[in-house]
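What follows is a set of notes on a single structure, which appears directly below.
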Amino acid sequence: MNTNKIKKYVFNICQAAHDASKQARRLSNSQRNKIISTIISQLSDQKKLIVKNNSIDIGHARKNKMSDALIDRLLINDKRISSMIDGLKKIKSISDTLFQKINKSVQPSGISVEQMRVPIGVIGMIYESRPNVTIDAAGLSIKSCNSIILRGGSEAINSNLVLSQIIKDSLRKCRMPENIVQLINTTDRNAVSELLKMDRYVDVIIPRGGKSLIKKISSESKIPVIKHLDGNCHVYIDKEADFKVAMNCTLNSKTHRYGVCNAAESLIIHKGFSKEYIHRILTSLHDCDVEIRGCKKTKAIFKKAHLAKESDWYEEYLKPIIAVKIVNNIEEAINHIEKYGSKHTDSIISKSKIAQSRFLREVDSSSVMINTSTRFADGFEYGLGAEIGISTDKIHARGPVGLEGLTNLKYVVCSKGVIRN
């Protein structure tokens with residue numbers, strides 16, 4: 001498409017989404033659940049077609065020498081289709097709180113003040129790789145009475161086209177407004193730039209991808225952005241940690257899947273924790289083909305470690321590499337996370353209630369965990385059904401953004417003709 005055609009194309013999509021958002025507000029919970037049920041049926045019926053289209057994207061990815069971690073994010077198989085379906089079933093089962101009034105109070109003036117949960121309106125979702133986001137984002141938007149504009153990465157175009165067609169067909173079968181969910185079907189990057197200018201029609205932009213994508217969107221957008229930055233997640237093993245818990249949580253956090261934002265990229269260990277246990281944990285990581293990049297104290301305990309550079313402490317590797325730092329106390333661990341972390345997810349392994357309490361209070365991340373694998377930082381695992389992203393912002397939505405994160409509150413004020421004196 002030339003520039004003028006792209007401008008017109010994106011404008012028409014945004015205008016249609018704005019109109020559809022008004023229609024979406026009128027849908028009952030049963031109507032919304034019917035759409036989601038139809039999508040579930042279509043996903044189940046169209047498994048072979050979905051996998052076939054995804055295999056085209058995987059073939060292009062391998063030809064373009066994409067990393068194994070990125071190919072893993074791109075992959076759709078029967079198991080991942082089942083996971084999409086499970087996510088939609090959970091979204092469907094969530095109690096509907098839209099348009100209900102809460103927090104009622106009567107003021108001395110005689111006015112009654114309440115709050116009502118309402119949809120945001122029009123969501124622009126810009127994401128890379130992960131075609132499952134197409135289904136998760138659509139399901140959450142439908143359930144929350146929003147309309148959504150999806151723009152996936154060029155590497156997943158064939159997967160996203162077939163998934164968006166399933167959604168369109170489901171909306172049509174249910175005789176619902178088809179423009180509640182739309183996919184920008186051009187891979188031209190100018191389409192993103194045009195979308196970011198549409199503040200008259202789009203209420204919020206949610207980007208999901210690498211640092212360069214988030215930086216571009218944050219700097220260019222005229223529309224408020226809910227940012228999902230990189231996941232430099234930490235596991236901190238305290239001096240009073242249980243060895244088995246430390247071993248299991250560390251290995252699961254790092255090796256369960258490498259190319260995900262909630263994988264541990266840094267391991268911090270209190271110097272008072274047993275050197276033998278430290279060596280056993282690092283050996284287990286090494287046996288899983290994880291490269292250890294550690295500080296001098298780490299290297300003194302585990303000779304196979306490579307000496308870490310300053311840049312390693314900031315890194316989101318998304319591959320079998322982990323940075324390891326041995327610290328003098330919990331304060332040093334918290335300061336390390338504050339300096340190098342991405343405010344995504346950090347976990348403390350400790351039996352000490354005092355250490356746990358301090359970690360929870362002072363670590364400023366969207367998810368803070370106790371004796372738990374960082375891999376649980378996920379909307380599905382939190383009971384949100386699915387997530388549209390994990391926000392590392394501090395305003396409106398933070399952590400996994402599920403159904404409630406796609407809504408807002410407005411004040412409802414009533415009286416019997418009271419006027420202000």
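No hydrogens, no waters, no symmetry mates; every other heavy atom, side chains included, goes into these values.
- Counted by atom type alone, Lys92 and Ser37 present one or more donor-acceptor pairs between their side chains at under 3.5 Å.
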Could you walk me through whether Val10 and Tyr201 pass side-chain contact (heavy atoms from CB on, under 4.5 Å), step by step?
CA-CA 11 Å; Val10 174; Tyr201 299 105; over 6 Å; no

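- The backbone N or O of Ile76 sits less than 3.5 Å from a side-chain atom of Asn54, completing a donor-acceptor pair.
- Side chains of Gln182 and Lys168 form a contact here, defined as non-hydrogen atoms less than 4.5 Å apart.
- Between Ile102 and Thr97, the closest side-chain pair of non-hydrogen atoms is not below 4.5 Å.
- Of the inter-residue distances, the one linking Cys261 atom SG with Leu318 atom CG reads 8.5 Å to the nearest 0.5 angstrom.
- The shortest non-hydrogen separation linking Ala17 to Val122 is O-CG2, 3.6 Å.
- When the shell of 6.0 Å around NE2 of His60 is examined, it contains 12 or fewer heavy atoms from other residues, nucleotides or ligands.
- Ser253 places a side-chain N or O within 3.5 Å of a backbone atom of Thr374 that can act as its donor or acceptor partner.
- Remark: side-chain polar atoms of Ser367 are not paired, donor with acceptor, to backbone N or O of Ala377 under 3.5 angstrom.
- You'll find the side chain of Ile326 reaches within 4.5 Å of the side chain of Cys295, heavy atoms only.
- By the neighbour-count criterion of 12 heavy atoms within 6.0 Å, atom CZ of Arg172 is densely surrounded, having more than that number from other residues, nucleotides or ligands.
- A donor-acceptor contact closer than 3.5 angstrom is absent between the side chains of Arg189 and Ser193.
- Around the NZ atom of Lys90, the shell of radius 6.0 Å holds more than 12 heavy atoms that belong to other residues, nucleotides or ligands.
- Between Tyr317 and Tyr258, the gap from one ring centroid to the other reaches at least 6.0 Å.
- Distance check: Asn29 CG to Lys34 NZ gives 14.0 Å after rounding to the nearest 0.5 Å.
- Side-chain contact, Asn2 with Asn4: no donor N or O sits under 3.5 Å from an acceptor N or O.
- The minimum heavy-atom distance between Met198 and Cys14, with the atom names listed, is CG-SG, 3.5 Å.
- Smallest separation of non-hydrogen atoms from Ile349 and Cys249: CD1-CB, 3.8 Å.
- Proximity of a side-chain donor or acceptor of Ser221 to a complementary backbone N or O of Ser218 within less than 3.5 Å is not detected.
- For the pair Gly259 and Ala69, the tightest heavy-atom approach, listed with the atom from each and the gap, is CA-CB, 3.7 Å.
- The main-chain N or O of Leu27 is found under 3.5 Å from a side-chain atom of Arg32 such that the two form a donor-acceptor pair.
- A salt bridge is absent between Lys351 and Glu240: the closest approach of a Lys/Arg side-chain nitrogen to an acidic carboxylate oxygen does not fall below 4.0 angstrom.
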Chi angles and distances behind the side-chain contact (heavy atoms from CB on, under 4.5 Å) call for Asn335, Glu362:
CA-CA 9 Å; Asn335 289 340; Glu362 297 183 30; over 6 Å; no

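- Arg375 pairs with exactly one of Asn262, Thr345, Thr255 by the side-chain hydrogen bond (donor to acceptor under 3.5 Å, both in side chains) rule, that one being Asn262.
- Annotation for Asn77: atom CG counts as buried by contact number, over 12 foreign heavy atoms lying within 6.0 Å.
- Side-chain atoms of Tyr236 and Ser350 include no donor-acceptor pair closer than 3.5 Å.
- Atom CG in Asn160 sits 6.0 Å away from atom CG in Leu183 (nearest 0.5 Å).
- The two residues Phe273 and Asp238 come nearest to each other via the heavy atoms CD1-O, 3.7 Å.
- Side-chain N/O atoms of Asp169 and Gln165 include a donor and acceptor closer than 3.5 Å.
- For the atom pair CG (Asp346) and CD (Glu338), the distance works out to 10.0 Å, reported to the nearest 0.5 Å.
- Glu381 CD: more than 12 foreign heavy atoms inside a 6.0 Å radius.
- You'll find the side chain of Gln42 reaches within 4.5 Å of the side chain of Lys173, heavy atoms only.
- Formation of a donor-acceptor pair under 3.5 Å by the Glu155 side chain with backbone atoms of Ser129 is found in this model.
- The environment of CG in Leu360 is crowded: more than 12 heavy-atom neighbours from other residues, nucleotides or ligands sit within 6.0 Å.
- In this structure the side chain of Ile85 reaches within 4.5 angstrom of the side chain of Ile81, judged on heavy atoms.
- Atom CZ of Arg257 is surrounded by more than 12 heavy atoms from other residues, nucleotides or ligands within 6.0 Å.
- Between Ile205 and the options Ile123, Asp199, Leu195, Ile226, a side chain to side chain contact (heavy atoms under 4.5 Å, CB included) holds for only Leu195.
- Taking 4.5 Å as the limit, some side-chain heavy atom of Ile334 sits within range of a side-chain heavy atom of Arg358.
- Contact check on Asp289 versus Lys319 returns no salt bridge, with no Lys/Arg side-chain nitrogen under 4.0 Å from an Asp/Glu carboxylate oxygen.
- One finds the OG atom of Ser83 at 11.5 Å from the CD1 atom of Ile135 (value rounded to the nearest 0.5 Å).
- Defined by atom type and a distance below 3.5 Å, a donor-acceptor pair is present between the side-chain atoms of Asn33 and Lys143.
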Does Glu315 form a side-chain contact (heavy atoms from CB on, under 4.5 Å) with Tyr340? I'd like the steps, not just the answer.
CA-CA 8 Å; Glu315 195 67 40; Tyr340 299 105; over 6 Å; no

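- The main-chain N or O of Glu332 is found under 3.5 Å from a side-chain atom of Asn329 such that the two form a donor-acceptor pair.
- Across all non-hydrogen atoms, the minimal contact from Ile206 to Ile388 is CD1-CG2, 3.7 Å.
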Show the numbers, then the answer: is there a salt bridge (Lys or Arg N to Asp or Glu O under 4.0 Å) between Arg80 and Asp72?
CA-CA 11 Å; Arg80 292 190 181 177; Asp72 179 60; 2.8 Å; yes

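- In this structure, a donor-acceptor pair under 3.5 Å is present between the side chains of Asn232 and Ser266.
- In this structure the side chain of Leu163 reaches within 4.5 angstrom of the side chain of Leu43, judged on heavy atoms.
- Counting non-hydrogen atoms of other residues, nucleotides and ligands closer than 6.0 Å to NZ of Lys239 gives a total of 12 or fewer.
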Under the side-chain contact (heavy atoms from CB on, under 4.5 Å) rule, what do Val192 and Leu213 come out as? Steps first, then yes or no, please.
CA-CA 10 Å; Val192 173; Leu213 175 74; 5.6 Å; no

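- The line from CG of Leu171 to CE of Met176 is 8.5 Å long, rounded to the nearest 0.5 Å.
- No donor-acceptor pair closer than 3.5 Å links the side chain of Lys7 to the backbone N or O of Glu194.
- Ser373 places none of its side-chain heavy atoms less than 4.5 Å from the side chain of His256.
- Using a distance-only test at 3.5 Å, with no hydrogens or angles considered, no donor-acceptor pair links the side chain of Ser365 to the main chain of Val368.
- When atom types are taken as modelled, the side chain of Arg151 and the backbone of Thr187 share a donor-acceptor pair closer than 3.5 angstrom.
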